[in-house]
> 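Sharing a structure here in structure tokens format.
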Amino acid sequence: MALGATYNASEIEDKWYAYWMEHNYFHSEVDEREPYTIVIPPPNVTGVLHMGHMLNNTIQDVLIRRARLQGYNACWVPGTDHASIATEAKVVAKLKEQGINKADLTREEFLKHAWEWTEEYGGVILDQLKKLGASCDWERTKFTLDPEMSQQVIKSFVDLYNKGLIYRGYRMVNWDPVAKTTLSDEEVNHVEKQGNLYFIKYKIEGSKETLTIATTRPETIFGDTAICINPNDERFTHLKGKKAIVPICNRVIPIIEDEYVDVEFGTGCLKVTPAHDENDKMLGDKHKLEVIDIFNDDASLNSFGLHYEGKDRFVVRKEVTKELDEKGALIKTEQHINKVGTSERTKAVIEPRLSDQWFLKMEELVKPAIKAVLEDDDVVLHPKKFENTYRHWMTNIRDWNISRQLWWGQQIPAFFYGDGKEDFVVAESIDEALVLAKSKTNNNSLTTESLRQDADALDTWFSSWLWPMSVFDGLNNPDNKEFNYYYPTNDLVTGPDILFFWVARMIIAGYEYTDKAPFKNVYLTGLVRDKQRRKMSKSLGNSPDALKLINDYSADGVRVGLLLSAPAGNDLMFDEGLCNQGKGFSKKIQSAFSLTQMWNVDKTIPQPESSRIGIEWYKSKLQKALVEMDDHYSKYRISDALMTTYKLIQDEFCGWLLEIIKPAYQAPIDSKTYNEVMALFEDNLRIVHPFMPFLTEELWHNIEDRSPQEALCINTWPKVEPIDENLLKNFEFAAEVISGVRTIRKEKNIAFKDAIVLSVINGEKVDSVFDAIISKLVNISELNYISEALDSALTFRVKSNEYFIPMEGAIDVEAEIEKLKEELKYTEGFLRSVQGKLKNEKFVNGAPEQVVASERKKEADALAKIETLKTSLVSLS
RNA sequence: GGGCGCAUAGCUCAGUUGGUUCAGAGCACUUGGUUUACACCCAAGGGGUCGGGGGUUCGAAUCCCUCUGCGCCCA
């Protein structure tokens with residue numbers, strides 16, 4: 001069955017994906033086999049497939065498909081997360097378009113809209129993964145807001161609270177004024193921005209004197225509650241104990257002393273605004289300063305901003321500067337570059353803000369997770385270089401702010417019964433909360449109506465950090481059969497950008513709840529960048545449409561294209577040309593297949609010697625490639641494993657083996673060769689299948705009719721057999737001979753169809769097993785073994801073997817001599833360097849025996865070659 | 001400002017404990033080839049002071065120091 005030009009990738013992909021699904025190959029159930037488990041990094045439920053997803057899901061699919069072929073009970077659990085900030089922001093924006101304001105909705109009403117949105121757009125990304133060929137166990141698909149998933153999150157919150165690890169604190173947090181929520185430190189990006197340093201004059205109370213401070217944020221003067229100087233700074237000794245007057249609002253504030261102030265920076269005088277800067281907060285606490293919060297939750301000014309009330313902070317910055325200037329309080333403005341915290345999601349400039357939030361104590365929790373990765377290797381990061389980054393973050397960890405001022409997510413299970421800060425209980429349900437509240441207050445008249453649940457939701461990562469456990473119901477039901485079998489999982493494949501957000505936290509949670517790491521290996525992929533090294537992003541518009549790529553180059557082609565240049569941990573410079581190379585590889589395999597299907601098989605003819613030896617050689621070559629691939633896979637060098645496969649098929653199988661066994665034009669092929677080659681073709685398909693699942697399944701079924709139990713997807717990895725190293729070595733030699741003949745044919749313009757005679761002085765005593773192959777591949781009519789050099793012949797040498805192609809009259813003796821002299825000169829130079837080493841006693845005594853032996857062999861080879869060259873020269877002149 | 005990492009062919013990258021196979025691969029490039037699977041092909045070929053400088057060693061892309069240029073993380 002030939003397919004060639006008729007191969008329609010998209011049709012074939014749909015056909016086989018449906019077939020795989022129909023026969024439930026991707027579904028895993030607990031059995032006696034050893035499990036191999038991967039949990040997907042859950043993408044945002046309303047997201048669409050982008051290059052990063054394609055890359056890491058292709059890698060996961062390669063790993064899981066290979067494991068399946070190797071006989072493991074392979075289980076890849078898919079799912080999505082609710083991405084609270086991103087999704088809530090999208091829903092708010094959509095409602096706004098419809099003229100609905102979130103503030104006018106109740107929590108329940110809003111959540112109804114959010115669920116509608118999720119149901120409408122949710123899961124699109126999972127369907128896109130199917131297009132890519134992802135062999136997930138779809139029956140196990142999970143969503144972080146599924147009832148049983150949420151239940152585990154709540155359970156974990158209550159548990160950690162009861163262990164004293166969760167507390168409520170009034171802290172400076174990162175406030176996103178656009179999303180109107182706090183962010184964790186990890187969700188804040190520090191970006192360099194061009195700003196100004198404003199020099200502002202403050203009057204000293206009861207004096208004509210003034211002092212000057214430098215600030216990047218003049219609008220915060222309304223929140224100033226002190227001026228700070230360094231006690232060692234002699235310039236300001238006269239200010240000690242005095243008070244300053246804040247311009248515009250004319251408030252009187254103390255001048256305090258603290259060594260925290262950098263004498264070098266600005267003017268050496270610092271204005272202190274404890275409500276709006278973390279360092280100022282620290283100074284404020286230390287010196288017991290008043291705290292004045294001047295902002296509303298959208299970062300406009302409140303009544304402390306006086307006549308600026310209601311205006312945005314950046315507008316106020318401009319207007320205040322102008323007013324200060326008019327009042328003569330602005331001394332000067334300098335350009336100043338500083339790093340500004342911005343929201344990862346909304347890009348808004350973060351406002352440090354004091355508020356009540358929920359925190360998770362990290363200090364004790366991280367300990368086992370540090371040990372597991374850095375000491376015990378219970379979790380191995382690939383590549384290893386990320387261990388340093390991990391160490392740095394884990395050893396400098398701060399408490400995790402897990403509350404978000406959002407509705408989309410698990411509502412914090414804290415129930416308030418009074419107005420006091422401590423008037424709450426934490427419980428999995430309101431009924432349990434009521435029991436607790438009654439006993440805490442000794443007030444039996446409390447009812448569920450008197451309880452008010454904290455309005456905030458939990459950080460999404462507080463759901464996903466449980467993911468490898470919760471997808472198997474491991475927190476609800478820790479002793480269940482599946483959890484015991486599939487957990488801990490094997491490999492986790494994700495991007496380095498979420499090493500802290502997610503990976504580290506999963507390890508922490510794993511140890512807290514199971515005393516085990518949730519996975520053994522973490523493979524951190526690179527980020528996908530464009531050719532100009534820019535990160536691919538929607539805003540830059542430099543990310544190709546994933547589905548269009550699949551359409552243009554086939555899913556197999558895109559998979560190969562992505563993997564070809566994706567070494568672990570290195571960023572990937574994406575180039576569509578690579579997909580084209582992938583597509584080309586796919587065509588090459590198809591074309592090789594059609595060749596085999598064009599032959600007529602004749603059972604009566606014997607197997608040619610060239611075919612027999614060629615097949616033996618390829619068997620060893622394939623085995624060698626398998627060993628190499630195992631090594632690459634074990635080190636998560638997926639692109640190297642692919643390259644090994646690529647070269648095996650492209651160069652060794654198509655380039656050499658098929659040429660060796662190919663019958664003459666329109667001649668039949670013997671059945672032994674045909675059957676053996678097809679068996680090897682099947683082995684090739686097995687090896688290629690993890691990379692190109694669709695094409696290989698298609699060809700697999702084209703080779704013969706197979707039952708559903710015989711599908712390639714659930715077949716077996718090739719068996720390990722011994723490698724005949726000697727055969728491989730002899731082939732290398734033969735390949736050099738072939739290359740030598742080809743070079744001469746090219747130089748002398750001898751057409752391939754003109755058969756030539758080749759004679760050899762076999763000084764190397766090379767085995768003649770490959771003679772038949774040499775004769776066939778370079779069209780040699782006779783291959784003679786001789787002992788004396790031939791006159792009027794073109795020559796070339798392989799090691800000390802000399803080859804002759806008789807050529808009447810066409811020999812340029814001078815040129816031949818020149819060629820020989822060149823080779824001689826090079827070889828003599830080489831010999832000198834080798835002998836130099838061998839004469840050096842320190843080398844002979846100091847170097848390992850093996851190394852010295854190899855140098856001696858080099859010496860002997862060089863001497864033999866020189867001998868050959870000299871003899872040839874003598875015979876020519 | 002603190003920490004980590006990188007620099008090898010035009011591009012993207014391998015190069016394990018310093019030593020056979022060490023200067024490699026793929027792509028790109030140059031030349032030649034198409035009646036006989038594939039031009040998304042085949043064959044042959046060019047191309048590198050291994051970022052600069054110093055050191056250790058019989059021997060350094062590999063180890064040490066230093067300089068330069070990039071990247072990432074954290075503050």
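Chain A is the first sequence line, chain B the second, and so forth, proteins listed ahead of strands; every chain is numbered from 1. Values reported hereafter were calculated over all heavy atoms of this structure, with side chains retained and with hydrogens, waters and symmetry mates removed.
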> Taking the nucleotide of RNA chain B with the closest heavy atom to each, which residue, Ala735(A) or Gln666(A), is nearer the 5' end?
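Looking at the nearest nucleotide for each, Gln666(A) comes out on the 5' side.
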
> So which nucleotide does U30(B) pair with, by the Watson-Crick or G-U wobble rule with both distances under 3.5 Å?
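A44(B) - that is the nucleotide pairing with U30(B), both distances being under 3.5 Å.
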
> If you only use heavy atoms from C-beta on, which nucleotide in C40(B), G2(B), G5(B) is closest to the side chain of Lys583(A)?
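Of the candidates, C40(B) comes closest.
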
> With rounding to the closest Å, how many angstrom separate the C1' atoms on G32(B) and G19(B)?
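Pairwise C1' distance, G32(B) against G19(B), rounds to 40 Å.
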
> Under 4.0 Å between a side-chain N or O of Ser739(A) and OP1 or OP2 of A44(B)?
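Yes, because at least one side-chain N or O of Ser739(A) sits under 4.0 Å from OP1 or OP2 of A44(B).
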
> What is the pairing partner of C4(B), taking Watson-Crick or G-U wobble pairs with both distances under 3.5 Å in any strand?
G71(B)

> For U35(B), which nucleotide in any strand shown is its Watson-Crick or wobble partner with both distances under 3.5 Å?
none

> Give a yes or no on whether a donor-acceptor pair under 3.5 Å exists between the nucleobase atoms of A37(B), that is its base, and the side chain of Glu659(A).
yes

> Will you find, in the side chains of Asn56(A) and Thr525(A), an N or O donor that is under 3.5 Å from an N or O acceptor?
no

> For the side chain of Phe500(A), starting at C-beta, report the closest nucleotide among C27(B), C4(B), C74(B).
C74(B)

> How about Asn702(A) and Glu698(A): does a side-chain donor come under 3.5 Å of a side-chain acceptor?
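Yes, because at least one side-chain N or O of Asn702(A) sits under 3.5 Å from a partner of the opposite role on Glu698(A).
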
> Is it the case that the ring center of Phe653(A) lies less than 6.0 angstrom away from the ring center of Phe681(A)?
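Ring-ring flag for Phe681(A)/Phe653(A): true, centres closer than 6.0 Å.
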
> If you look at every strand shown and take non-hydrogen atoms under 4.0 Å, does Glu387(A) touch a base, only sugar-phosphate, or nothing?
nothing

> Of Lys753(A) and Asp640(A), whose nearest nucleotide on RNA chain B comes first from the 5' end?
Asp640(A)

> From the set G26(B), C42(B), C73(B), return the single nucleotide nearest to any side-chain atom of Lys647(A).
G26(B)

> So what does Lys857(A) touch, heavy atoms closer than 4.0 Å: a base, only the sugar-phosphate, or nothing?
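Answer is nothing: Lys857(A) stays at 4.0 Å or more from every strand.
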
> So, do Arg559(A) and Met692(A) sit near enough that their side-chain heavy atoms are less than 4.5 Å apart?
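With C-beta onward as the side chain, the pair stays apart.
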
> Can you find a side chain N or O atom of Tyr646(A) that sits less than 4.0 Å from OP1 or OP2 on A25(B)?
no

> Check whether any side-chain N or O of Gln581(A) sits under 3.5 Å from a backbone N or O of Gly561(A) as a donor-acceptor pair, and report yes or no.
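Not confirmed, Gln581(A) side chain does not pair with Gly561(A) backbone.
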
> Examine the base of C38(B) for any acceptor or donor lying under 3.5 Å from a partner atom in the side chain of Lys587(A), and report the outcome as yes or no.
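In this structure, the two groups form no donor-acceptor pair.
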
> Measure from the side chain of Met643(A), starting at C-beta and using heavy atoms only, and say which of C74(B), G15(B), A25(B) lies closest.
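Of C74(B), G15(B), A25(B), A25(B) is nearest to the side chain of Met643(A).
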
> Any strand is fair game: report the nucleotide pairing with U62(B) by Watson-Crick or G-U wobble, both distances under 3.5 Å, or none.
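Partner of U62(B): none.
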
> At less than 4.0 Å, is any side-chain N or O atom of Arg742(A) found next to OP1 or OP2 of G32(B)? Yes or no.
no

> Under 3.5 Å, is there a donor-acceptor pair between the Gln590(A) and Ser594(A) side chains?
no

> Return yes if a side-chain donor-acceptor contact under 3.5 Å exists between Tyr553(A) and Asn580(A), otherwise no.
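No, Asn580(A) and Tyr553(A) have no side-chain donor paired with an acceptor closer than 3.5 Å.
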
> Using a distance-only criterion (donor-acceptor N/O pair, under 3.5 Å, no hydrogens), is the base of A37(B) paired with the side chain of Ser591(A)?
yes

> Just the atom pairs and distances: protein N or O near nucleotides 16-20 of chain B's N or O, under 3.5 Å.
unit_1	atom_1	unit_2	atom_2	d
U20(B)	O4'	Ser854(A)	OG	3.1
U20(B)	O4	Gln850(A)	NE2	3.2

> Should the ring pair Phe585(A) and Tyr646(A) be called parallel, tilted or perpendicular, given that the plane angle runs from 0 to 90° and is split at 30 and 60?
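Tilted, since the angle between the ring planes falls between 30° and 60°.
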
> Considering only heavy atoms and no angle criterion, is a donor-acceptor pair shorter than 3.5 Å present between the side chain of Lys746(A) and the base of U31(B)?
yes

> Are Arg637(A) and G15(B) close enough that a side-chain N or O sits under 4.0 Å from OP1 or OP2?
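Yes, because at least one side-chain N or O of Arg637(A) sits under 4.0 Å from OP1 or OP2 of G15(B).
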
> Regarding Thr596(A), tell me which of base, sugar-phosphate or nothing describes its non-hydrogen contacts under 4.0 Å with the strands shown.
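No contact.
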
> Return no unless some side-chain N or O of Asn396(A) is found under 4.0 Å from OP1 or OP2 of G3(B).
no

> Which of parallel (below 30°), tilted (30 to 60°) and perpendicular (above 60°) describes Phe731(A) and Trp617(A)?
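The arrangement is parallel - the two ring planes meet at less than 30°.
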
> Using only side-chain N and O atoms of Lys588(A), determine if any of them is under 4.0 Å from OP1 or OP2 of C40(B).
no

